[in-house]
Amino acid sequence: MGRLLPLLHHLQPGHAVRLRYQRFSLYHRAADQYGLALSPAASYRYVYPLSERDLADQVYYFEDSEDDDARRDFRALDANRRPGVQAVIQGMDAWGDAWRGLTPPMLAMHDSGDEIMVEDTRNVAVEREQRVKGLAREILLAADQGMPEARLGGQLKGASLMEIEEATADLIARKLIVRLDARPVGLPLWDPCMSMPALTAFPGGYLDRHVGG
């Protein structure tokens, strides 16, 4: 996952958070089956003066009480013991930094019918502008739909499996697609890209630190 994150800098960044076990989930309904000892999330104890049993009947989020990291600072995990977690945290930080610049990175494509023009301003970009033609264009269009590799041969008639694999590998090397769960997944967005909604459009509200009270 840490290696994939730099490829996604043209998308809105999220946040690295701990795995949470929710009420009504499979983990909650069959905790023993998954080797979990679930207890109410620690934060609830600061809010509700209830016994552990009553609290477990009320809350929505749980944590594994046998997880040594459950009550530690997420960003203070031992990097030598949890290198994958650290890689994701650092990758998310770099993603957020990229979006805080004057111009967020972009990866956009336009299809003329004969070729796809791709504009790429990510830090990992192989080239600022790329032209994708022929079989590679067909694969990129199929990858935009997340088509399973097993169906590519039927979709791309006239192309051998070796030709499809070589063209797919080239698109991966050009950082235009990734292979996930036996399917190529396209990364570019269609041009023109939709602009991000303003904070005022968020239904949950927002905090404006610049407005005086």
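Computed from heavy atoms alone, side chains included, the values below leave out hydrogens, waters and symmetry copies.
- Heavy atoms only, all atoms of each residue included: C193 and A108 are closest at SG-CB, 3.8 Å.
- Considering H110, Q130, R128 as possible partners of E119, the one that fulfils the side-chain hydrogen bond (donor to acceptor under 3.5 Å, both in side chains) test is R128.
- Between the side chain of W95 and the backbone N or O of L11, at least one donor-acceptor pair lies under 3.5 Å.
- In this structure, the side chains of L107 and L189 stay at 4.5 Å or more apart for every pair of heavy atoms.
- Contact record, R122 with P6: CD-O, 4.5 Å, taken as the closest heavy-atom pair.
- Put simply, CD on Q58 and CZ on R23 are 8.0 Å apart, with the number rounded to the nearest 0.5 Å.
- For the atom pair NZ of K133 and OG of S112, the computed distance is 9.0 Å after rounding to the nearest 0.5 Å.
- In this structure, the separation between CG on D144 and CG on L176 is 12.0 Å, given to the nearest 0.5 Å.
- Between L140 and P188, the shortest heavy-atom distance links the atoms CD1-CD, 4.3 Å.
- Of the possible polar contacts, none joining the R183 side chain to the E149 backbone as a donor-acceptor pair under 3.5 Å is found.
- F24 is connected to L26 through a chain of hydrophobic side-chain contacts under 4.5 Å among Ile, Leu, Val, Met, Phe, Trp and Tyr, so both are in one cluster.
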Could you go through S39 and E52, starting from their C-alpha distance and side-chain angles, then the distance that decides it, and tell me whether this counts as side-chain contact (heavy atoms from CB on, under 4.5 Å)? CA-CA 8 Å; S39 60; E52 192 76 3; 3.7 Å; yes
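- With D64 contributing its side chain and L38 its backbone, the two residues share no donor-acceptor pair below 3.5 Å.
- Side chains of M106 and D191 form no contact here, defined as non-hydrogen atoms less than 4.5 Å apart.
- Checking each of Y61, F62, Y34 against H28 for a ring pair (Phe, Tyr, Trp, His ring centres under 6.0 Å) leaves exactly one that passes, namely F62.
- Rounded to the nearest 0.5 Å, atoms NE2 (H9) and OG1 (T121) are 11.5 Å apart.
- Not one N or O on the side chain of S25 forms a donor-acceptor pair closer than 3.5 Å with the backbone of Y21.
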Please report the C-alpha distance between I139 and L156 in whole Å, then the side-chain angles of each, then the deciding distance to 0.1 Å, and finally whether the side-chain contact (heavy atoms from CB on, under 4.5 Å) criterion is met. CA-CA 8 Å; I139 293 175; L156 307 173; 3.5 Å; yes
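- Under the 4.5 Å side-chain contact rule for hydrophobic residues, L50 and Y60 share a cluster.
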Go through L4 and L7 one step at a time and tell me if the side-chain contact (heavy atoms from CB on, under 4.5 Å) criterion holds. CA-CA 6 Å; L4 286 176; L7 302 175; 4.1 Å; yes
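- At distances below 3.5 Å, at least one donor-acceptor pair connects side-chain atoms of H10 with backbone N or O atoms of L187.
- The same ILVMFWY cluster, assembled from side-chain heavy atoms under 4.5 Å apart, contains both L180 and L141.
- Linking ILVMFWY side-chain heavy atoms closer than 4.5 Å, directly or via other members, places L171 and V185 in a single hydrophobic cluster.
- Comment: D170 engages R174 in a salt bridge, judged by a side-chain N to carboxylate O separation of less than 4.0 angstrom.
- The nearest pair of heavy atoms linking P184 to L152 is CG-CD1, 4.0 Å.
- Across all non-hydrogen atoms, the minimal contact from V88 to L5 is O-CD1, 3.7 Å.
- Formation of a donor-acceptor pair under 3.5 Å by the R137 side chain with backbone atoms of R131 is not found in this model.
- Residues I116 and M109 share a closest heavy-atom pair of CG2-CB, 3.6 Å.
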Walk me through whether Y48 and D54 qualify under side-chain contact (heavy atoms from CB on, under 4.5 Å). CA-CA 10 Å; Y48 303 108; D54 289 340; over 6 Å; no
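- For N123, the CG atom counts as loosely surrounded, since its 6.0 Å shell holds 12 or fewer non-hydrogen atoms of other residues, nucleotides or ligands.
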